[in-house]
Structure formats: structure tokens, C-alpha cells
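Note sheet for the following structure.
Treat the numbers as computed from the prediction; the structure is a model and nothing was measured. Here is the naming used below: chain letters follow the sequence lines, and residue numbers restart at 1 for every chain.
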There are 2 protein chains.
Amino acid sequence: MFNYASRFDFPYPEVMEALSTRAIGRAAVRDELARIALPRFFEDGFESVTFDDLAAAAGVSRSTFLRHFGSKEDVVLYVFDPLGDAISGVLASRPTDEDEWVSLRRAVDPVVELLTRDPGAGLALISLVWKTPALWSRLHEKQGSWRPAIADLLAERAGADAAPILVLRTRAMAALGCLMVAFDSWVMGEGSDDLAALTDTTFGSLAPADSTT
Amino acid sequence: MFNYASRFDFPYPEVMEALSTRAIGRAAVRDELARIALPRFFEDGFESVTFDDLAAAAGVSRSTFLRHFGSKEDVVLYVFDPLGDAISGVLASRPTDEDEWVSLRRAVDPVVELLTRDPGAGLALISLVWKTPALWSRLHEKQGSWRPAIADLLAERAGADAAPILVLRTRAMAALGCLMVAFDSWVMGEGSDDLAALTDTTFGSLAPADSTT
DNA sequence: CCTATGGTGATACTCAGTTTCAGTTACGCA
DNA sequence: TGCGTAACTGAAACTGAGTATCACCATAGG
């Protein structure tokens, strides 16, 4: 099953911050609730599972479950939460003189790695997301929230002669979009393709252009 | 106020199809209901307006309002419905030997044109969408649904030596994404920038690349 | 002119998500 | 070690989205 202790074994420790005792406990409970909930969604479909079902399965009250996750979508997409910071972290660590588009491709590796680590589980998750419009939307919303930090990092590393921020925001959008299109293909091929290779292909379809037309 | 009779004065008549008498009436009612509903959303915010409010404002029952629009989001995003076909229509009409990226930029003109036609109304709409996560998500979902047709048209016009469909899907994503990033900037600048110019800039930030790396 | 189709409003229902409140646990500090 | 407070919990009631059903009415189209 999908690994939910993402906060504890996530391979990019620099994105973790100091947590109070209670915050650690809280995160652990969230992990546990999500771990219990996911199979229910996989088996019955996102819409068919109610908060009552989830609470019963987890042995807590509906109130408690709702307090840990503000919405059903949050339960499923919980695993994506740390990826924004992970992407930024990798991007910040790339050499300044590396080609921008290559750095962006590398920045997205944590996502590919997380979904590929457990064969089957990652695909099951993305398949669920892709067959459920509400989840697809919310994932894209989350992805959109990662953009500003990425664009800012691109500006920072380019220094004085950086392209306008609008240009950099566009490239951040494109990079994350390439990842999403790769997911799309991965789901359509039912996992028969290699996600990293698909991502290479989508990134290879585009390139930054000089905006001084 | 925003022009809601989009089905009747939309400047790309080729995308219109023959409608039965009842279907015409139905579309007219939808136009009217949306026209009445929009100002409510602008004034009170998307979440604060209930279906009861909308039904009362329109002088119909809640049932009837809900029968015409499956969700509140649909009411606001109704105006975007014909744009997928409009984009495809323009793309299909572009010369086959025109640069692919240029054709995609032109294909998106109907959207820019529609939002720019009435100064203020288009900006108000996009601002509402941008400040309401549920609307932002649903617009992106709708935009995502336009992609396959665009990619297919790109394949068709390139003929035998077309790039793999995954590459074309990526470029369709990028083109629509450029439009969204332009919206983003337009909203942030509160309409002080020219939407068409912003769109030119975002499109100018990227270029198709040879995927045979 | 008749009828079958489709639009309408009323009602009742499920479920997501919010709010409130009272009872309990356990963290951090003295 | 004990205490006070802050946070966690569950119960209950509430709002509002969205679905389903039904009986009624208007009219398109033959």
C-alpha cells in the first residue's frame, strides 16, 4: 500500500521543519487516517465513500476525522502536500549555471520518485485522481500554488539578467504542466510506460524561448 | 454587464449547430438565468450566494434553477462553454504550413476577444474566478477538457510526419496554460495591462522543441 | 385539435462541511 | 510531582449543495 509516513521518511529532509510534540502527534494521526481511508476510496470510488464510512473505518468520530481533513479531497491529496517544498528544495540546490529547463526537469524528480517507489500504489493513486474530476481539479489547484515559489527561485538564480517574472511564471506553469501531462499518459497506458521516461518526453516537447521578440 | 447571449452573437458561427425549438428556448433561459445570477456573485462573493438567492432573483424555483445548471460553478463558467469549440475552430482554419506555436497563439484569440469586448465585465469575471478556488479549479478542468481536440488537430495538420501525440498534448497544455498565466497577470494588475499583450508575452516565453533528444 | 414530450415547482432526501459545547487528555511548567 | 491550561475529542444541531420523485401544466408538432 502507498506509503503515508511521508513526513518521516521523505528523502528530502531539508524541507522538514522543527515540530512541537503535539504537531508531530497530529501529523502522525493524519498519516494514519489517510492510510486507512485510501483503500476505501480505491475500492468503492471517491464519491461513494462518506465521512461516516471513513470515521467508522478509522475508529474515530466523524467530527474528529473532519477536524484532521477539511474535505474529502484533502484526504486523498494529502500525500502531495510536501511536494511543493520538495520541488523548490531541489530547484534551489541545482547549479546556477545549469540550463533552466534542465533544472526544472530535475526539480520534478521528487514527485516521479514518490509515485514510482511503490509499484502499483502510485499508479492507483493517480488513477483515482484522474477518474475523479473533483480530485483532478484540486490537484491542479495545489500544483498551481507551487508556481510562485518556483518562479521566484528562477528569478533568484538568474540574478540581474533574469527574464521578466511573467516569463518565469509561464515556465513554471509549463514545467508542472509537463508533469501533469506525463501523469495523464501514465494513467492512459495503465502504468505500462515508465513515468520518468514519459516526463522526459513531455519536457522534451517544449523549451524556454527568448521573450524579446 | 457581461454579454450572455454568447450563443447568438458569438463571432465564430461555424461552431453553432442546428437546434430544436425547445433547445433554443432552453439555451435562452440559461442565458437569462446566468445574466441575472452573475451580478449577485460579483457583489456578494461566490460562496455567499445560495441557489435560493439565485432562484429568488430570477423569479423561478430552486428546482428549475438547478435543472439548468448542475452546480453553482456552472453558472459562472457557463460563458466559457463554447470556447473549446471556438479554439478548435480557429485552429482548424489556420494555414497548414503556419508555425505550430503561432497557430496555437491565434487559436486562443476568441477567448481574449470575448473577455476584452466589454471592458470591465471580462475582468470582473476573471477576478471572481481567480479569487474563488472552486471556480479556478473548475475553469482549469474545463480547459483541460479542450486539450484532446487541440492535440488531435495538431496531429491532423502535421500529417504523416507529426510528432507523437504525447508531444502534441503537451503543447496543447502549454498553449492553454499560457492563456491562464496571462489571465493571472491580468487579474494581478487589475486590468491595467492589455490582455492580448500579456498573452503574447506568455506565448513568447516558450517554444515547441524537437522531442527527438 | 389532441397528445406526448418536456418544463416546472414542491417536497423530501443524502451528504459535505461548519459551529458550538461539554468532557477529557496530556503538555509544559513550577 | 502536581497543577492549570491548551488542545483533542465526540455529540448534536445546523446550513446549503446536489439528487430524486411526483403531480401539474404548457406547447410543439402531427
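Looking only at atom types and distance, the side chain of Trp186(B) has no donor-acceptor partner in the side chain of Asp193(B) under 3.5 Å away. Judged by distance alone, the side chains of Thr202(A) and Ser205(A) never bring a donor and an acceptor atom under 3.5 Å apart. Looking at Thr50(B) and Arg62(B), their side chains never bring a donor and an acceptor atom within 3.5 Å of each other.
A donor N or O paired with an acceptor N or O is found under 3.5 Å between the base of dG18(D) and the side-chain atoms of Arg62(B). Residue Arg67(A) places a side-chain atom within donor-acceptor reach of the base of dG10(D), judged by atom type and a 3.5 Å distance cut-off alone. The base of dA10(C) sits within donor-acceptor range of the side chain of Ser63(B), with an N or O pair under 3.5 Å.
Ion pairing of Asp200(B) with Arg105(B) is present here, as a side-chain N (NZ or NE/NH1/NH2) and a carboxylate O approach within less than 4.0 Å.
When distances run from any side-chain atom of Arg22(B) to the nucleotides dT27(D), dA16(C), dA17(D), the shortest one goes to dT27(D). Which of dG17(C), dT8(C), dA28(D) sits closest to the side chain of Thr64(B) comes down to dT8(C).
Residues Val49(B) and Ser61(A) both approach DNA chain D. Their nearest nucleotides, taken by heavy-atom distance, put Ser61(A) toward the 5′ side.
Between His68(A) and dT9(D), a side-chain N or O to OP1/OP2 separation shorter than 4.0 Å is present.
In this structure, the CG atom of Asp52(A) is 15 Å from the C1' atom of dC13(C), given to the nearest Å.
Residue contacts shown for Val60(B) are limited to sugar-phosphate atoms, with no base heavy atom under 4.0 Å away.
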